[in-house]
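Residue numbers begin at 1 in each chain, while the letters A, B, ... track the order of the sequences.
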Amino acid sequence: MSKDKRKLGLVGESGTIDKIYCAFILGSTAVSMGTEVHMYFTFFGLQMLQKGAMEKARLPMEYQNLEESFRKRLEAMKYPTPYDLLKSMKESGLLHIYACTPTMEMFGVKRENLIPEVDQLVGAATFLDIATDADVSLFI
Amino acid sequence: MSKDKRKLGLVGESGTIDKIYCAFILGSTAVSMGTEVHMYFTFFGLQMLQKGAMEKARLPMEYQNLEESFRKRLEAMKYPTPYDLLKSMKESGLLHIYACTPTMEMFGVKRENLIPEVDQLVGAATFLDIATDADVSLFI
Amino acid sequence: MSKDKRKLGLVGESGTIDKIYCAFILGSTAVSMGTEVHMYFTFFGLQMLQKGAMEKARLPMEYQNLEESFRKRLEAMKYPTPYDLLKSMKESGLLHIYACTPTMEMFGVKRENLIPEVDQLVGAATFLDIATDADVSLFI
């Protein structure tokens, strides 16, 4: 990859819809600015890469009373779903998705159950190298 | 702003009192070191910028058994409230507060309900530019 | 410390087992790459530094239905416990552990109840200096 591109490194650790949107809105915005986006999914973030999982993500327990109105507003705004955002980032060629291998083993997640957009199954060393090279790295 | 100043970029995503204190204690400490602090509030963090909301923030559900003693200790320490910390950072001229516009739309939050210390209503691109330029960026 | 070493700065704010593993797996991996690791524990992360606390850490409330199978898999994998990971990082000489002094006061945590591997009791200014100097800083 060319060295003159900005790089954003994100760890997606959470499985709640607010954090997924945070990661994907930051990612999509970065992509629209021509930034390479590297997303490393671990723990409950990794679980969201299972087919059909993202669609079922909910708000954190503390905020489930807000969920219905939140969903209705997203619909009214015709806001893209998380998976729509992911696919559109992927089409740019600027998004790289990494699934955390220790998490897969800890939770018994299988490769064939992950969405096809996952690029690599890797461990933390790969993320640390990416983050060291990135302009901004965030743990979400 | 002068370029020789250190910059701290924070995303405030959470609405629980522990994370609010984390953001504001890091921010206040940075300000006391002469660092510019840029805080971007999104999701439940943004909701805490609504008038009167910060005062009602609670510990996460898992820890609500600790809440009473936590409150009593804060009182005994005469520890500043989150809003006190925010106002005192603002007085320094080093704090810039950004409210996330997509969140406002997703949750139906109105400008006139936000505290007056908010400087700008912006999207993720503004935060990414700030973070790229910052010495340290954290997602809280 | 030599200046040619990479540095990783982590804030450990959470007390759930997933986030503790995230911090310690990132930390252990960094140590194995010869990186200096600086961990600043605050709020529920700090509470995990109390003797015997880490062993009782649980998954977040939303995921407690996964806990039993998660524990069984960790056992089957003979995966090191968080405290094992911490001690092995400490043996490398590359791990520095900081306990947040305001948190200790806010929750009434005493020095003598912390694990002996804690290096220093400090405030946020120390962490900000470390993070400014680090190659990567994350809030976990």
Less than 3.5 Å apart, which donor and acceptor atoms pair up between the side chains of residues 11-25 of chain C and the rest of the protein, not counting sequence neighbours?
unit_1, atom_1, unit_2, atom_2, d
C:T16, OG1, C:D18, OD1, 2.7
C:Y21, OH, C:P80, O, 2.9

Pairs of donor and acceptor atoms involving the side chains of residues 53-66 of chain B, under 3.5 Å and at least two apart or interchain, shall be tabulated with distances.
unit_1, atom_1, unit_2, atom_2, d
B:R58, NE, B:E67, OE2, 3.3
B:E62, OE2, C:M61, N, 2.8
B:Q64, NE2, B:L59, O, 3.1

Name, in order of residue number, those residues of residues 122-140 of chain B that have a heavy atom at a distance of less than 4.5 Å from a heavy atom in chain C; otherwise write 'none'.
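The residues closer than 4.5 Å to chain C, in numerical order, are B:D135, B:V136, B:S137, B:L138, B:F139, B:I140.
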
Using heavy-atom distances under 4.5 Å, tell me whether C:F43 contacts chain B through its side chain, its backbone, both, or neither.
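Contact with chain B: side chain only.
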
Can you pull the side-chain hydrogen bond (donor to acceptor under 3.5 Å, both in side chains) pairs that have at least one residue in residues 102-116 of chain C, sequence neighbours excluded?
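The answer is C:T42-C:T103.
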
Counting only heavy atoms not in B:K87 (residues, nucleotides, ligands), do more than 12 fall under 6.0 Å from its NZ?
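Yes.
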
Quick one: CE on C:M106 to CZ on B:F70, what's the gap to the nearest 0.5 Å?
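Separation between the atoms: 5.5 Å.
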
